[in-house]
Amino acid sequence: MRALVVGSGFVGRAVARRMAGQGDEAVLASRTPPLSHGDGSAPDWIRLDITEEGAFGRALEETRAATVVLVHGPSDVTWCEQHPEEAMHGHAEAARQVVRAAGDRRVVFISTDNVFDADTGAPNESVPPRPVNAYGRAKLAAERILAGLPAVTLLRVSLIYGWEPADSPKWLNFFAACVHRLRAGEPVTAPVDQWTTPVLLDDVVEVTTSLARAQAPPRLLHLGGPDRISRADWAAFIAEQLGAAPHLVVAKPRANGRYAHRPASTCLSSALLATHRVTAGLAPRPVREGSRLLLDRHVSPTPRSSV
């Protein structure tokens with residue numbers, strides 16, 4: 001399988017590496033080269049501004065890709081709220097370019113839990129979306145454009161976490177930021193009233209690559225972890241596992257910090273993940289199990305409390 005992975009950040013790199021490791025030809029495409037994080041061999045890369053007229057079609061011709069995974073566009077919720085027009089353009093115009101050129105290729109679009117508001121609890125695929133921030137509105141606009149493709153899967157994913165080295169220019173996920181700040185003796189401020197269902201990057205990659213290979217995947221799928229947890233409780237667990245001082249985790253209301261623009265609940269559930277033949281058996285790991293797995297892989301052993 002030849003695949004074009006649009007977006008060379010945290011998730012895109014992992015998806016392309018997994019595909020290449022399984023014998024596929026996977027090429028990353030983005031406006032800037034992917035950063036080296038010492039996280040395995042670097043996939044091939046081509047320059048692409050997917051919002052540029054005709055650029056995506058040329059990338060398909062160059063790579064001869066039969067499958068496309070879309071992990072592109074601005075994803076910082078605060079930035080999107082401050083730049084709503086740019087956020088909308090980055091997602092919706094990219095989706096238009098894909099629709100014009102993709103034809104009957106398999107397309108997997110990674111969307112977000114932010115297409116829902118807090119009142120929907122942990123919505124499954126049957127719940128109508130109702131975004132309350134600029135990021136969610138931009139992602140939903142892209143979903144609706146891409147929904148016209150004949151072989152698309154819209155994969156809405158809850159908060160993704162995984163490992164990033166301490167010397168990364170910017171930590172792109174909550175887990176890594178907590179670990180590195182706590183190990184440095186720095187405080188972590190986390191909302192006590194913002195809930196999510198985190199998903200380990202490994203599990204996101206497994207589901208994404210399975211959908212990319214499938215002949216008859218679901219057109220819409222939710223991927224949320226089995227645990228509903230507040231960011232403050234999650235940070236406290238990470239601190240406990242690291243043996244860090246509990247007072248370094250500062251629990252504050254969501255409205256007082258950078259999470260003000262996120263719904264109080266960004267949880268997802270699925271009516272299809274465990275039953276659809278493409279994804280049956282691909283259950284995401286509980287957040288405490290996934291967190292311990294990453295710490296065991298990447299952090300020097302230290303005494304940690306058991307749970």
Side-chain angles (χ1 to χ4, degrees), residues 1-20 24-35 42-77 79-80 82-112 114-115 131 134-157 160 169-170 172 204-205 208-209 211-212 219-220:
M1 178 177 71
R2 290 191 178 93
L4 180 65
V5 180
V6 181
S8 61
F10 180 56
V11 179
R13 289 195 314 273
V15 169
R17 283 199 311 274
R18 175 67 65 86
M19 288 181 163
D24 298 322
E25 297 180 34
V27 177
L28 284 172
S30 57
R31 287 182 297 174
T32 57
L35 296 171
D44 292 338
W45 171 81
I46 61 171
R47 191 178 302 278
L48 172 65
D49 179 350
I50 192 171
T51 64
E52 177 187 329
E53 182 66 37
F56 176 71
R58 293 191 293 273
L60 288 178
E61 292 177 3
E62 179 180 345
T63 59
R64 294 179 294 153
T67 299
V68 178
V69 178
L70 299 172
V71 205
H72 66 283
S75 59
D76 185 306
V77 174
W79 185 93
C80 290
Q82 296 167 345
H83 305 85
E85 293 182 3
E86 293 96 321
M88 181 62 72
H89 179 78
H91 290 284
E93 182 56 34
R96 294 185 190 97
Q97 295 298 326
V98 172
V99 167
R100 290 169 188 162
D104 60 357
R105 291 175 177 85
R106 283 285 303 120
V107 175
V108 180
F109 175 60
I110 297 185
S111 189
T112 177
N114 276 249
V115 300
Y135 177 54
R137 288 189 289 271
K139 278 289 194 181
L140 182 59
E143 283 187 16
R144 288 172 170 167
I145 294 166
L146 293 166
L149 289 171
V152 70
T153 295
L154 308 175
L155 176 61
R156 294 174 181 155
V157 185
I160 303 171
K170 182 180 180 182
L172 301 178
V204 176
V205 169
T208 301
T209 54
L211 293 170
R219 293 185 62 82
L220 174 64

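For L211 against R106, the heavy-atom pair with the smallest separation is O-NH2, 2.6 Å.
One finds a salt bridge joining E93 and R96 here, because a Lys/Arg side-chain nitrogen approaches an Asp/Glu carboxylate oxygen to under 4.0 Å. A salt bridge is defined here as a Lys NZ or Arg NE, NH1 or NH2 lying under 4.0 Å from an Asp or Glu carboxylate O, and R58 with E53 fails to meet this definition. One finds no salt bridge joining R64 and E25 here, because no Lys/Arg side-chain nitrogen approaches an Asp/Glu carboxylate oxygen to under 4.0 Å.
Checking side-chain atoms of T153 against main-chain N and O of L155 turns up no donor-acceptor pair under 3.5 Å. Remark: side-chain polar atoms of H83 are paired, donor with acceptor, to backbone N or O of W79 under 3.5 angstrom.
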Step by step, would you call T51 with F56 a side-chain contact (heavy atoms from CB on, under 4.5 Å)? CA-CA 8 Å; T51 64; F56 176 71; over 6 Å; no
Please assess T67 against V108 for the test side-chain contact (heavy atoms from CB on, under 4.5 Å), listing each intermediate value before the final yes or no. CA-CA 8 Å; T67 299; V108 180; 5.6 Å; no
Go through it in stages, so that I can follow the logic: the residues are M19 and V205, the test is side-chain contact (heavy atoms from CB on, under 4.5 Å), and I'd like the CA-CA distance, side-chain angles, deciding distance and then a yes or no. CA-CA 9 Å; M19 288 181 163; V205 169; over 6 Å; no
Using the rule given for side-chain contact (heavy atoms from CB on, under 4.5 Å), can you reason through R2 versus D24, listing the C-alpha separation, both sets of side-chain angles and the distance that settles it, and then say yes or no? CA-CA 6 Å; R2 290 191 178 93; D24 298 322; over 6 Å; no
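No donor-acceptor contact under 3.5 angstrom links the side chains of W45 and S8, judged on distance only.
Rounded to the nearest 0.5 Å, atoms NE2 (H91) and CZ (F109) are 7.0 Å apart. To the nearest 0.5 Å, atom OG1 of residue T32 and atom CG of residue D49 are 10.5 Å apart. To the nearest 0.5 Å, atoms CG (L70) and CG (L146) are separated by 6.5 Å. In this structure, CG in L220 is found 7.0 Å from CD in E143, a value given to the nearest 0.5 Å. Remark: Y135 OH to T112 OG1 distance equals 4.0 Å, nearest 0.5 Å.
Within 6.0 Å of the CZ atom in R144, the count of heavy atoms belonging to other residues, nucleotides or ligands does not exceed 12. For R31, the CZ atom sits in a loose shell: 12 or fewer heavy atoms of surrounding residues, nucleotides or ligands are nearer than 6.0 Å.
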